[in-house]
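Report on the structure given below.
So you know, we letter chains A, B, ... as the sequences are listed, proteins then strands, and number each from 1. Everything numeric in this text was worked out from a predicted model, so none of it was measured.
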Amino acid sequence: MTLSMPRICCLDLDTFFVSVERLLDPSLAGKPVIVGGRPGQRGVVTAASYEVRALGVRSGMSLTQASQLAPHAVYLPTRHGVYGDYAQRVRELAQSYTPVSQVASIDELFLDFSGCENLYARPGDSAGDDTILRVVRQLTDEIQQRVGLPASAGIATSRPVAKVASALAKPRGVLLVAAGSEAAMLAPLPVRKFPGIGPVAERKLHALGLTTLGDVAAAPSSVLSRVFGAWTHGIQRGCRGQGAHELARERPAFQEHDPAGLYLGSISNERTFREDVRDPDCIAAMLCSLCERVCYRARKRGVRARTVTLKLRYADFQTLSRSRNITATSSELELYPVVLELFRRARTRRRPIRLLGVALSRLGPHDAQLRLFDDGDAALHHAIDDLRQRYGYDALHLALSTRERRG
DNA sequence: TCTGGGGTCCTAGGACCC
DNA sequence: TCTGGGGTCCTAGGACCC
């Protein structure tokens, strides 16, 4: 039996948004920094520096709570447009080390170094693990020097174990889990540390008396199936460190099709109002603005949606959605009436509204056949998109959606 | 301490068809 | 008239991730 070697690497940028903000404003170095918005605003912490983590601040925590724990921290808004370029530079650097990678999120990347030992081996290395460890350290050093961002990495035989290891390695660390020691490394950790076990599964596991990953690994599958259902076998293998030993090749974005020939994925935008609203004009303006936004993104991507979903959250946080299959479109003029209809169907209570969202899914390519019938809209959208390209997204909006902007 | 916004994936019931 | 199952699509909801 051949034992698989730890060659899967999870590369993770430390406190990513905070690190980029510090790069852009060096005076923030060493200060307690919270990215996500100002105290008093509706919102949550999207990134917290280690200085405020020491005070108990965590990402996902409400800004109100964060401001009580860290009243003197520097609070910054999340600047979504700014971080992508830095993430891309890190990806390009990492991908120059190995041809097989998977982008997991804006600040997280998986790399597969299988077969690369010989390429990087040096006479001093006593084993392939030495080689990989040295190469990954070199990569994180290079990210720090060339891009200016701190990164950590975990290396293991499987993706979930590599991810757990990268979390343990933070900050600025690299941790390799030797083949055969995965189960022992995982066993003492709380169940929440394993990717895929969230607050709900954690609660159910605790109710069964299972608090560590070792408990999960040892539990009878008949017990686990009450928590994980069809995923029972996979999670148990994962907790025993037996996950897949190679990384699937990255699929090109928007090229993988489902059996119906549609692209996988979705495009959505949602907004929480600064204060709960009941004014119908205000609601209509927001719905219109959301339609514009998702359609603009769909056109930029060159896709049309065959399903539209409206999301509604009431002031008491009750959240519901209504969706409908439609003739493929990327036009806000076509989408808006449908969204309005979905909203009317969804809104059965008189309570004020906290959040509205619009999502496009079952995306497909622009169809040359269909195009013959709607060249009028196509010309209009081309003109709109061109103006936005030159003067910014907010250069123009449908009249209905401007009210939301002024308010 | 009242809880953002972008996603992915899974489940499940009912309609509808064969 | 009452009886089936299997397969697929549509819709709604929920868990989870960063």
**Asked** Which residue, A:Phe317 or A:Ala230, contacts DNA chain B at a nucleotide closer to its 5' end, judged by nearest heavy atom?
**Response**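 Whichever sits nearer the 5' end wins; that is A:Phe317.
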
**Request:** Specify the residue among A:Gly229 and A:Glu270 whose closest nucleotide of DNA chain B lies further upstream toward the 5′ end.
**Result:**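 Here A:Glu270 is the residue nearer the 5' end.
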
Just call it for [X]: base, sugar-phosphate, or nothing, with non-hydrogen atoms closer than 4.0 Å on any strand.
{"X": "A:Ala201", "value": "sugar-phosphate"}
{"X": "A:Leu69", "value": "nothing"}
{"X": "A:Lys204", "value": "nothing"}
{"X": "A:Val44", "value": "base"}
{"X": "A:Arg203", "value": "nothing"}
{"X": "A:Leu355", "value": "sugar-phosphate"}
{"X": "A:Ile106", "value": "nothing"}
{"X": "A:Arg58", "value": "nothing"}
{"X": "A:Ser59", "value": "nothing"}

Flag side-chain contact, heavy atom, 4.5 Å: [X] against [Y]:
{"X": "A:Leu360", "Y": "A:Leu335", "result": "yes"}
{"X": "A:Glu21", "Y": "A:Leu28", "result": "yes"}
{"X": "A:Asp316", "Y": "A:Arg349", "result": "yes"}
{"X": "A:Glu142", "Y": "A:Tyr97", "result": "yes"}
{"X": "A:Val339", "Y": "A:Leu290", "result": "no"}

**Item:** Chi-angle category of B:dC2 [syn within 90° of 0, anti beyond]
**Value:**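 In terms of base orientation relative to the sugar, B:dC2 is syn.
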
**Prompt:** Quick check: does any side chain N or O of A:Tyr393 sit under 3.5 Å from a backbone N or O of A:Arg293, one acting as donor and the other as acceptor?
**Reply:**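 At least one qualifying donor-acceptor pair exists.
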
**Message:** With a strict under 4.0 Å distance from non-hydrogen atoms of chain A, what nucleotide opens and what nucleotide closes the contacted stretch of DNA chain C, reading 5' to 3'?
**Reply:**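 For DNA chain C, the relevant span reads C:dC10 to C:dC18.
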
**Prompt:** Any side-chain donor paired with an acceptor under 3.5 Å for A:Arg306 and A:Asn325?
**Reply:**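 Per modelled atom types, A:Arg306 and A:Asn325 side chains form no pair under 3.5 Å.
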
**Inter-nucleotide P distance (B:dC2, C:dC18), Å rounded** =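 26 Å, rounded to whole Å.
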
**Request:** Please map the stems of DNA chain B, keeping only stretches of three or more Watson-Crick or G-U wobble pairs with both distances under 3.5 angstrom.
**Result:**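 Ordered by first number, the stems with DNA chain B (at least 3 consecutive pairs each) read B:5-18 with C:5-18.
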
**Item:** Plane angle bin for A:Tyr83 and A:Phe17 - parallel if under 30°, tilted between 30 and 60°, otherwise perpendicular
**Value:**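 Parallel: the ring planes of A:Phe17 and A:Tyr83 meet at under 30°.
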
**Message:** I want to check a possible cation-pi pair here: A:Arg388 against A:Tyr296, using under 6.0 Å from ring centre and within 45° of the ring axis as the test.
**Reply:**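 Satisfied, under 6.0 Å and within 45°.
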
